[in-house]
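Scroll down for the structure; my scribbles are underneath it.
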Amino acid sequence: MKEKNELTFGQKMWWAIGQSSGRQFITALVSTYILVFMTDTFGVAPAAAGVIMTVAAIWDAINDPIMGTLVDRTKTRWGTYRPYLLLVPLPWAIVCCMLFAAPELTAQGKIVYAAVLYICYGMLLTALEIPYNAVLPTMTRNEMEKNDAIAVSTFIASIAILIVSSFTTNLVAVFGGDDPAKGYFTVVLIGAVLMVITNWIAFAKCKEKYTVDIVKESPFKGLGSLMKMKEVYPMLAFWCLGCILFQIIMASSIYYCMYYLMNPALISTYMLVISISGMVGVMVLMPFILRKVQGSMKKAVTYTQIVCVVCYLILFFVGGKSIPLLYILTFVACMFSTMTNAFRSMTVVGFTDYVLLEKGRQMNGTISAIGGFSYKCGTAISNAILSFVLAATGYVAGAIGGQTDAFMLGINSVRFLVPLVATVLYIICIQFYPEERMRELQMQRTQQGQE
């Protein structure tokens, strides 16, 4: 049956803009450049940087579920989730700018400074991301409207990623001159201002319509009840792997161009290819594919990601031998791999609806939290893999043309073989997504409404 429209065009747009403009600009900057900033600009050893990111991920394992249950239990005159869109953006913006401040410190002081700021960055991102994702299911029950908002959000995110990935090195040079730290700080400051403004507007425009009373019980009991659902675990792996697929490509591509291709001038063009292809995939191919498979996440993920596996395998062997072939196959692969960002958001929202239908419990914040935790785990794993390879293969910062053979093999493997393996596992995990059961429950709810 056709569901009624409940959102205005402006509500969809402002939710998407707040979700994916300034915030995505900052998260893309951090995920793509924080490791190379730490190692090549701030002067943190690669192994130490890897430890910092691992420790931050461990803390997120504790922090994210707690934040999710706290968000679900928030009750204010502004609603359950909206207050966080007002209160969190400014402090998070300050921390983001400090993360790229690069003050003059001792080697030990730099490690401590980077660790504290990176952990605070993750905590405040959690405090904003969880309620932001959780507010969408309360705005409408129309699944197509939610998917439309997510699709627009993903497109805007692709634009932000295109700007960050393709032009950051140029912007750093323009704003910083001979001082890259100054350039990075200016770039993140621009993103922070945009993020604060768009999130405050989203706070004003996004209204909560559908909320249910929270069961009066311990937050940990509610989380425990959720974790008893067998469908949770493959979805946790699915969300984590989706992040690895995206983050490992973005983070390793900088090193790949600089040291494997030995041409830093290619960074902007190569990242532009990745970004533009992602926009084409999300806005042109993905809607077409979803219509053809009648909204089936299992089929959409499987069909699109098989293409990526083939491309990664070819690129591992011939990517460094032909730049035109590298660009062509990268464009094809990224048209489909970038869809993982939309698939993650769609399945998180879908799983939220599934828990409400199956258990009669609204756990938007908690589910958003474990989805966010999985994503952060993927980021940490991606950075840990890259930093471990750098440390283990004798990487020398700035030594273009002077890296070891072990490093050359390692960075080529990180760029193509790691995404290949992650993609295969990603396809396996989506087969456990309970879409058949969801449709059955939705049909039952529709029939009950008619009665």
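Along the sequence shown, the residues carry numbers beginning at 1. In this text the structure is predicted, and so the values were computed from the model without any measurement.
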Charged N to carboxylate O below 4.0 Å: is that the case for R437 and E358?
->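 E358 and R437: salt-bridged.
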Please determine if K299 and E435 form a salt bridge, counting it only when a charged side-chain N lies under 4.0 Å from a carboxylate O.
->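 Judged by the 4.0 Å cut-off on N to carboxylate O distance, K299 and E435 do not form a salt bridge.
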Side chains of Q403 and T393, donor plus acceptor under 3.5 Å =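 No, because no side-chain N or O of Q403 sits under 3.5 Å from a partner of the opposite role on T393.
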So, Y255 versus Y395: side-chain donor-acceptor pair below 3.5 Å or not?
->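 Side chains of Y255 and Y395: no pair found under 3.5 Å.
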How many angstroms lie between [atom1] in [X] and [atom2] in [Y], if you round to the nearest 0.5 Å?
X: F37; Y: I34; atom1: CZ; atom2: CD1; answer: 6.0 Å
X: I26; Y: F100; atom1: CD1; atom2: CZ; answer: 9.5 Å
X: T352; Y: N133; atom1: OG1; atom2: CG; answer: 9.0 Å

Pair F238-Y433, side chain to side chain contact (heavy atoms under 4.5 Å, CB included): steps then yes or no = CA-CA 9 Å; F238 178 77; Y433 185 58; over 6 Å; no
Taking C-beta and beyond as the side chain, do [X] and [Y] meet within less than 4.5 Å on heavy atoms?
X: I244; Y: C240; answer: yes
X: I411; Y: Y259; answer: no
X: Y84; Y: V135; answer: no
X: V152; Y: K12; answer: no

Specify whether Y354 and F351 have parallel, tilted or perpendicular ring planes, treating 30° as the upper limit for parallel and 60° as the lower limit for perpendicular.
->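 Plane angle between 30° and 60°, so tilted.
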Would you verify whether the NZ or CZ of R415 falls within 45 degrees of the ring axis of Y260 while also being under 6.0 Å from that six-membered ring's centre?
->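 The answer is no; the distance or angle limit is not met.
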V348 to I367 - nearest heavy-atom pair and separation =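 Scanning both residues completely, I find the closest heavy atoms to be O-CG2, 4.0 Å.
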Any idea which heavy atoms bring I276 and L162 closest together, and the distance?
->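 Nearest pair, atom of I276 first, then L162: CG1-CD1, 3.5 Å.
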Has M297 got more than 12 heavy atoms of other residues, nucleotides or ligands less than 6.0 Å from its CE?
->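 Check passes, neighbour count above 12.
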